[in-house]
Amino acid sequence: MSHNIADVQVELKAKKIKPDSPWRSAFRRLFKNKMALAGMIVLTLMFLFSFIGPYFSSHLDAKISVRNANLPPNETHWLGTDKLGRDVLLRTMEAGRVSLLVGIVAASIIVLVGGTLGAIAGYYGRFVDSVIMRLADILYAIPTLPILVALGAILSDLKFPPDKRIYLVMFIVGMIAWMSLSRLVRSQVLSLKEQEFMLANEVLGLRDRRKIFRHLLPNTVPIIIVAATLGVANSILLESTLSFLGLGVVPPTPSWGQMISAANNMIDFQNRPWLWVPPGVCILLTVVSINFIGDGLRDAFDPKQKR
Amino acid sequence: MKQLLIRRLIQSIPTLIGASILVFLVFTLAPGDFVTQMSADANMTQERLDEIRALHGLDQPLYKQYLTWMGNLLTGNFGESVLHRQPVTSVINTFMWNSFLIAIIVLVLQWIIASIVGIMAALRQYSIYDSAVTLIVFMAMSFPSFFLGLLMLKFFAVDYQIFPLGGMRSTGSTLTGWADFWDVMKHLALPVIVLTLLNIGSLTRYFRTNMLEVIRQDYVRTARAKGLKERVVIFKHALRNALLPLITLFALEIPGLFSGAIITERIFNWPGIGRVVLDGIFQRDYPLLMGFTMLLVVLTIVANILADLMYGVADPRVRNR
Amino acid sequence: MSSTLVEFRNLKTYFYTEAGVVQAVNDVSFSIRAGETVCIVGESGCGKSITAMSLMRLIASPPGKIVGGEILFEGRDLLKIKESEMRMIRGNEIAMIFQEPMTSLNPVLTVGDQIMEPLIEHTLLSKSEARKKAIQLIEQVGIPRADQIIDSYPHELSGGMRQRIMIAISLSCDPKLLIADEPTTALDVTIQAQILDLLRQLKKDRNMSLMLITHDLGVVAEMADYVVVMYAGKVIEEGPVKEIFKNPRHPYTKGLLLAKPVIGQRKERLFTIPGQVPNPIGLGENCHYSDRCEHAMDICRASQPALQKDGADSKVACWLYEGEGAK
Amino acid sequence: MKKRSFSLFLCSLLTGALLLSACTQPAAQPTEQNQQQPNQSEQNQQEQTKAGEKKELGYIKATDPSKVPDSAKQRTDTMVLGITDPQGIFNYWFYNTVYDRYVIEAVTERLLSVAKDATVIPGLAEKWEISDDGLTYTFHIDKRAKFSDGKPVTAEDVAFAYHVLLDPKYDGRSNLSKAKIKGEDAYKNGNATSLEGVKVIDPQTIQVQVEEANATTLLLLGTEIFVLPKHYYGKDFAKGNLEYIKSLHQKPMGSGPYILKEFIPGQEVRLVANENYWKGAPKVKNLIFKSTTAETQIQSLKTGATDFDASISVNADNVEALKELGFVDLDMLLNNGYGYIAINHKLPKFQDKRVRQALMYGLNREEVVYAYSQGYAEVIDVPQSKLSWGYPDESKLTKYSYDPEKAKQLLDEAGWKLESDGYRYKDGQKFTIQFSASTPNEVNDALIPIAVENYKELGIEFIAEQLEFNAVIDKRNKGEHEMAFLAVGLSTDPDPYGLFHSKGGSNKDAYSNPKVDELLEAGLKEFDQAKRKAIYQEAYEIINDDIPVLFMYQRYNLNTISSRLSGFVISPYKYFSESLNEVQIN
């Protein structure tokens, strides 16, 4: 009746059961979520539209010609022309590059800075916690606009190349928008610290850094993901508001926000929809799809998620 | 609890000082001052500009300006707004409460709708209702504020004239009491709708995420095993735990009640503080800006202390720390 | 023999997941008599908890669903009655305690509050009466300083004390049946013994039946009047505890008993049953234990043995005893 | 996925997810945002007017007065004037924005006024004499003049005005020290208790002595002085104590046609007619200034919320929309000011006149101006309004119409050689221009793309940077700018001293041309208008040739008046608010 170990190992190998890493199963679950799928497709189209689209346009070297300004959509200009006679379709594509990159730059900073600082504040508590949280208080209260105005001037004194400036602006925007995420991560870490698995780590004598990044942060992944997707979405919207207030991208480089804000009087709004509909739809599709992907990621990533 | 309060109040003093220095630097770093505006005038001469700067102490070294400003602040004198040539406190007082009126209505609406919609979406996860709500919520979040504002203005005020074209009261209205109340309500309807739509998205998703987390916990299953009504299980057991992380979000809304919505106030011509501060930024009205920002800093600190206190009340595990 | 309190008849509970249909509980029938302790034994994943949850009708649907069979409680089929009627039974006539005391209590409500809830819900006691009853219950489950404990929070109590509170909660409305889903697995041995003594004592005082779910044969030996052995969603053997321990019939039951360490018998290696519990998805019509059973015959791999009477009060589902080749 | 750090992985996953392509059939494609197609009034859009063709100027009558909305008709005794949000400083001595000035001119009056064609006419003073040496000015106050509380306007009130404007603590916009009144220094910095040069002869006459006079002194002492009641504002007034005056900003009192009843910040200003106004009671009983925004100005007129608007920006869209209303008169006139591009003469590359002329020839200014205003602004070649008597004879000026070849030729002459990379270099330096553009600004939005293109053709790299308005002005005041677009307002007097004299107050471009300096100084000293006109003719010819700044445009200004109102007296030199007592509802 006795079976020795060897046979058991043989049998196990025979069945070649691959251990299923959390990422692969998360990926599989992500693919099953139909909304997230749609989001990914639309977002990929947006990327192709923005980064590859322009090469197909026949108006690449078109000069500014006030003659055919504000033409409605016609066969040469599928989406009509803007106030300076430039092809709206081409501009929308080029604008996509700026808006998408701006969104991702700001969001990754929010996630990196906010998540880390939140976890550290939550984990160490007392002194470290109050310093980080008070810094967050101050930054939270300072209105972003004056900082951006001051920043604009400083950059001009330093002779910073104008077209790169929007990314630095977005870096700064990221640096002053991480507070709400850090606060959420901190509160999550505070309650997580009470649970047994952290006590178990304590017992194992793991280094603090490992405990924070390997154990605490992964458990805050759902909140981080929600914040990351909101971060990308809000950054794209913030860029458009900045353009509305004139602090966004420097003409002639276009961004979706700038194209919409160009049509901010009632007349363009009513009589020339082709000026603001394309960028508006682009922002809408991009932001909605990013949010769906974020949501899908949240469901897929959640270790406790039973589907 | 009291001990936590005292510790936090003591901690807030260095924060206030740090904030005041940062606030002062941010504004003085911004190039030009309100006198620069005047230099565009044809009959202005450089001597005259320097005279005015001296009168306002702008020619003093930075640290001296800071000390005088802080000195006045501590005695409650926020200085005089250069743009409105009135004490900063009275300028803030006139405009802030208009912003507060809209913000408080939006806050109440936003939290009620977001909680109901968010919880329902969590309870019926992956149902049609859930994806419909998610879609609408994402759509609302994806509009730039001025875009949504103009769209609303176009449909409701210009094309169908259901709501007035902006402003806070009808022109030359001498109404009082309830009539005046309804007149103001009619005027603030559109800004409230726009702001609620804009803010509702992220909150609904936070409610949904937290609710999903909590519903799978063991104690919810225990509650059901006790034979409690489903309503009690969800709203007493599950919701209380789901609310914990959102308390911090609620506390963070408090400063927002007073800071005003710059873009919406501009589009709907609402006499709020947001618009006044925006003009203040572009016309370099330092006393007004610094005074108002310090007020917001104090509010934020109070809000955060409140958040931690409320968190302690709500979550016994953190309470006795 | 006292009357039958609960009778499971061909209960089928399936789970519809992405990977396929999991037949967690597949045609299970057995009964629990009033005042009797029935232990349901089996490896994890054999469907014993699902059976209990089906009795309480707490299967989350989607993805789970009770697809067939009946559960008669005092003659009433619990699967047919309306949800509101079922809710009146839960916590009142049938109560349940769970394995994980650390997370089974709501962290933000006081212990007293959670004990009083079923009282206020089912027995319409006033708040003050409910509080007095709660203090009594806390004392009955053997926790000192009951009047202070009632206002404390779950995180302030030890694992053992929390399980006692869970028991206090379940007993608050004098249920006829108490389901205990591996109540002591998460506790250390000394506490485990105290909890089991408490359960035995309470069962005797209140003439309550106890449905104890466990994978620990030691607990079965100590507590059970009657034992039901489950494997891969089916009942493969049941009988009085002495019969099962002295004269196990089904090869799987034998394997289980052999795997138990016996004091005094030194062995260099404990017996292990070869192979693994089969994947619950796509179970065939064969005897699910056939690929691990050393007595497996062709018939075993072809079709399923039915649960046959085998002796006075025992049953077994195995082709060995199907009259054909009774050794 | 060996690497295990979660946060890094999160970002790569996010971008990774974005680049995935093949996947199963997507269920719910996010719905296309369906835009409701507004009414297309495209027909007139097609026949684009050629750039630069003149648009109609002057008073365009309403085509169909009957279409005045009922809500406006119901206001039988009230008129609502739309202006941008005033700041509530209704005191000429301390106001900042022109919107406050509209309210000021409804409530208070000035010592001397200005006619439509900018000539000085009586105000509160019915007549005035200037001594032969031009140093003593005597003003005789109209006996009928009374404040709204019935008390007469006296010389004492005028003296009060002079003293406040020269007070050591005065920080308002008026710059009376330019008039150089005798004893100003002693009063301002010394311990004199009153201005030596200001004498009250009798309640109706006041005499002012100045140390040095020029052609603008009369304007400084007369048309720039608003007279406020000393008995109301002067309570416990002493040198250095203006606090009480400042507390009355929102409760002004003056001798004007209207009395301020109520100011609702951010909303409206309500005024009622001053029945015993000394020039006859105004015809409309109630006056309301309502705050309007750029987004809703035209709609307010359309829905009858306002009867008039002074700040609708002039472009083809707005004019077309206003004409569609039918019941609105459009008073189109040339704005008394011009737009220009400042050049920093400290930089060697701009010091050569030929380079500056090349920058003029090389920029297609017609296209920029047309793109910005759709024809509602005119390109200028000299920094003066066409309506001013000081405007030079155009035949003697060079017209810098767009001529890239001439510009290239000038650049070659100036030694900027064209290299292989398409850019011009001189002693090793590439010709680049850093242009500081203030935002948001419609002119810059049009100018930058065109300038980038035009100057690239010449071989000049034009780099635009976006800065907030004050940042641009501050940068220019410190002389750290290279090029920046600015607009400036002109006064009733044609003297351009401020911007083009080397010691001019607003000349921050280090431009200095001795001949121009000499002419401008002579122009100021001369009193006779004919002689001054000849001086300025010569000065402008030199400026036109020397191109101290790139002249851009003089735009149109638009006052939109509902046809139910009439009687406004408006010109580039006279705001609508100074003739409110003549307005009537027809």
Side-chain angles (χ1 to χ4, degrees), chain B residues 1 119-131 207 210-248 250 307-321, chain C residues 18 49 52-53 55-60 62-63 83-111 113-123 151-156 162 165-166 169-170 172-173 175 178-179 181 186:
Chain B
M1 193 60 72
I119 291 170
M120 285 309 137
L123 294 183
R124 292 201 198 77
Q125 197 180 9
Y126 304 120
S127 67
I128 299 40
Y129 171 83
D130 182 18
S131 20
F207 262 103
N210 288 332
M211 206 55 188
L212 282 176
E213 290 267 318
V214 162
I215 276 185
R216 282 193 304 282
Q217 300 297 330
D218 294 347
Y219 51 80
V220 171
R221 185 195 51 196
T222 318
R224 284 213 180 91
K226 284 195 226 173
L228 303 175
K229 294 190 191 63
E230 189 59 14
R231 204 165 23 78
V232 171
V233 170
I234 293 299
F235 287 100
K236 181 178 177 192
H237 284 267
L239 188 58
R240 270 207 59 170
N241 283 281
L243 278 180
L244 290 185
L246 294 183
I247 284 175
T248 34
F250 184 81
D308 290 346
L309 293 187
M310 279 155 65
Y311 200 87
V313 165
D315 185 346
R317 289 167 292 187
V318 173
R319 181 176 306 166
N320 39 36
R321 187 110 12 205
Chain C
E18 291 294 313
S49 295
M53 292 298 265
L55 168 58
M56 291 286 275
R57 271 183 49 194
L58 283 175
I59 299 290
E83 172 57 23
S84 51
E85 284 170 300
M86 186 60 206
R87 197 173 52 69
M88 293 314 293
I89 295 172
R90 273 191 218 118
N92 191 2
E93 289 171 43
I94 308 176
M96 189 166 181
I97 57 174
F98 301 96
Q99 171 180 349
E100 203 38 73
M102 297 305 279
T103 56
S104 299
L105 288 173
N106 190 328
V108 290
L109 299 175
T110 64
V111 164
D113 190 348
Q114 299 187 49
I115 297 173
M116 286 149 59
E117 263 181 327
L119 287 170
I120 295 168
E121 178 67 31
H122 295 303
T123 60
D151 295 328
S152 61
Y153 284 91
H155 67 277
E156 293 164 325
R162 280 191 226 183
I165 292 295
M166 281 298 291
I169 294 173
S170 57
S172 53
C173 306
L178 173 61
I179 306 172
D181 187 351

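In the text below, chain A, chain B and the rest are named by the order of the sequence lines, each starting its count at 1.
For residues 86-96 of chain C, the set of pairs meeting the side-chain hydrogen bond (donor to acceptor under 3.5 Å, both in side chains) definition, not counting sequence neighbours, comprises C/Glu83-C/Arg90, C/Arg87-C/Glu121.
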Checklist entry - Step by step, would you call C/Val108 with B/Leu244 a side-chain contact (heavy atoms from CB on, under 4.5 Å)? => result CA-CA 10 Å; C/Val108 290; B/Leu244 290 185; 4.3 Å; yes
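With a threshold of 4.5 angstrom between heavy atoms, B/Val232 approaches chain C through side-chain atoms but not through N, CA, C or O. For C/Met88, no part lies near chain B; criterion is any non-hydrogen pair under 4.5 Å. Only the side chain of C/Leu58 has a heavy atom closer than 4.5 Å to any heavy atom of chain B. No part of C/Met86 comes within reach of chain B, as not one of its non-hydrogen atoms sits under 4.5 angstrom from that chain.
Side-chain contact, C/Gln114 with B/His237: no donor N or O sits under 3.5 Å from an acceptor N or O.
Most heavy-atom pairs under 4.5 Å with chain B, from the set C/Ile89, C/Ile179, C/Thr103: that is C/Thr103.
In this structure, the side chains of B/Arg224 and C/Met56 stay at 4.5 Å or more apart for every pair of heavy atoms.
Shown here for C/Ser104 and B/Asp218, the closest heavy-atom pair between the two residues is CA-CB, 4.0 Å. For the pair C/Pro118 and B/Lys226, the tightest heavy-atom approach, listed with the atom from each and the gap, is CD-CD, 3.7 Å.
With salt bridges taken as basic N to acidic carboxylate O contacts below 4.0 Å, one links C/Asp113 and B/Lys236.
Checking side-chain atoms of B/Thr222 against main-chain N and O of C/Leu105 turns up no donor-acceptor pair under 3.5 Å.
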